[in-house]
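First the structure, in the form of structure tokens, and then the observations on it.
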Amino acid sequence: MTFDVSNRRRFVLSGVGAAALASLPSLPAQAQQTNRVFRVGHQKGFLSLLKGRGTLEQRLAPLGVKISWTEFTAGPVQLEALNVGSIDFGDVGEAPPIFAQAAGAPLAYVAATVPRPATEAVLVPKDSAIKSVADLKGKKVAYNKGSNVHYFLVKLLEKNGLKYEDVQSVFLPPADARAAFEKGAVDAWVIWDPFLAAAEVGLHGRILADATGVVNNRAYYFSTLDYAAKNADVIKIVIEEINKLDQWGSAHRDALAAEFAPLWGLPKPVVDRSVTRQVYGTGPITRAILQEQQVIADTFFNLKLIPKKINVLEAAVNAG
């Protein structure tokens, strides 16, 4: 084990340093309370815009809370950071928290968006002979394994009288799936925005079916059970600020697209398409919302994607 400076400092504090600290007068509870840090993980999305505005810092300053921000490339990576204690809060889709809970992460769902089913869909080439979901039988379908669209595909096939095994699943992350779709190596691609919008505009893909009437496709905000229980005031404020930004975005879609375009590195016409079909709004977790997650978790267990059954209610501090 490397005995670096930080380890040495911990060693000193645990011995002689601890004795010295014990001799100091105890700080008032209020003074201790003002030294909180709120460590936020974010992808390139609403939390990134919230960071840029600085409004959350303004709201939390009177509580003595300082914020640190760390950008991540994907939800699963954020949840890994949560599991090792590197962040206190982040944003994610439906599927990653189920895998995290199954792996023993101390996850707590603290907020959810409204349903957004139109933002994920099955895409086929514009001149494809596939005209209905039933036509997918026997075809090669690309999608990200264990993701929100994995669950969507299962339920879409079920709704249209097909079994999951009736299609040839090709597990690919978005960039590789796009390349396979463009080359004609797969017959269909199940994907979410803004990748969906980019493929519609850039590859002239045709939407065969979106998730409307099939699944809700929410996004979630998470913390740890311990942090959420001890810092309910912080969690309440951040949810309020996210929802304010949601409501602004709903009323100012062109301006929102103009902010997202450079953030995502996409042309504004592509972002316009994505933003137009988005539904905005964020609120607290409820039992009904957690039940939606439970259905997804049970589906993934039946598909042998997670090693054990989980109780999603255990990943909430409280739910109305």
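Quick note: numbers below take in every heavy atom, side chains included, and nothing from hydrogens, waters or symmetry partners. For clarity, every value in this text was computed on a predicted model and none was experimentally measured.
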[atom1] of [X]: more than 12 outside heavy atoms within 6.0 angstrom?
X      : atom1 : value
Lys137 : NZ    : no
Lys140 : NZ    : no
Lys131 : NZ    : yes

Evaluate side chain to side chain contact (heavy atoms under 4.5 Å, CB included) for Ser274 paired with Trp264, printing each intermediate quantity in order. CA-CA 12 Å; Ser274 175; Trp264 290 344; 4.2 Å; yes

Sort out for me which residue in Phe152, Phe171, Trp189, Tyr151 forms a ring-ring contact (aromatic ring centres under 6.0 Å, His included) with Tyr143. Phe171

Path from [X] to [Y] over hydrophobic side-chain contacts below 4.5 Å:
X      : Y      : result
Val114 : Phe222 : no
Leu157 : Val295 : yes
Ile242 : Val279 : no

Can a salt bridge be assigned to the pair [X] and [Y] using a cut-off of 4.0 Å between side-chain N and carboxylate O?
X      : Y      : answer
Asp254 : Lys268 : yes
Arg277 : Glu200 : yes
Arg36  : Asp233 : yes
Lys244 : Glu240 : no
Asp135 : Lys139 : no
Arg218 : Glu94  : no

Please check this pair: side chain of [X] against backbone of [Y], looking for a donor-acceptor N/O pair closer than 3.5 Å.
X      : Y      : value
Thr113 : Ala219 : yes
Asp210 : Thr212 : yes
Gln168 : Gly138 : yes
Asn302 : Asp298 : yes
Asn83  : Leu79  : no
Lys155 : His150 : no
Glu292 : Asn216 : no

Step-by-step side chain to side chain contact (heavy atoms under 4.5 Å, CB included) determination, Phe46 to Tyr221: CA-CA 11 Å; Phe46 268 89; Tyr221 294 92; 4.1 Å; yes

Applying side chain to side chain contact (heavy atoms under 4.5 Å, CB included) to Val40 and Ile67, what does each step give before you reach the verdict? CA-CA 7 Å; Val40 180; Ile67 307 176; 3.8 Å; yes

Rounded to the nearest 0.5 Å, how far apart are CD1 of Ile285 and CG of Leu313? 11.0 Å

Residue pair [X] / [Y]: nearest heavy atoms and the distance that separates them:
X      : Y      : result
Leu305 : Lys145 : CD2-CE, 3.5 Å
Pro117 : Asn217 : CA-CB, 4.2 Å
Gln101 : Val312 : OE1-CA, 3.7 Å

Student check: side-chain heavy atoms of [X] and [Y] closer than 4.5 Å:
X      : Y      : result
Leu263 : Ser48  : yes
Gln78  : Leu82  : no
Pro125 : Phe181 : yes
Leu63  : Ile237 : yes
Leu196 : Ile207 : yes
Arg39  : Val37  : yes
Phe301 : Ile310 : no
Thr224 : Ile87  : no

Applying ring pair (Phe, Tyr, Trp, His ring centres under 6.0 Å), run through Tyr227 and Phe89 and close with a yes or a no. CA-CA 9 Å; Tyr227 188 92; Phe89 188 87; 8.6 Å; no

Between Tyr280 and Leu245, is a side chain to side chain contact (heavy atoms under 4.5 Å, CB included) present by the stated rule, with each step listed? CA-CA 9 Å; Tyr280 299 98; Leu245 188 54; over 6 Å; no

Side chain to side chain donor-acceptor pair (under 3.5 Å) between Asp246 and Thr282: does it pass, once the steps are laid out? CA-CA 7 Å; Asp246 264 346; Thr282 298; 2.5 Å; yes

Face-on cation placement of Arg116 at Trp192 ring, 6.0 Å and 45° thresholds: no

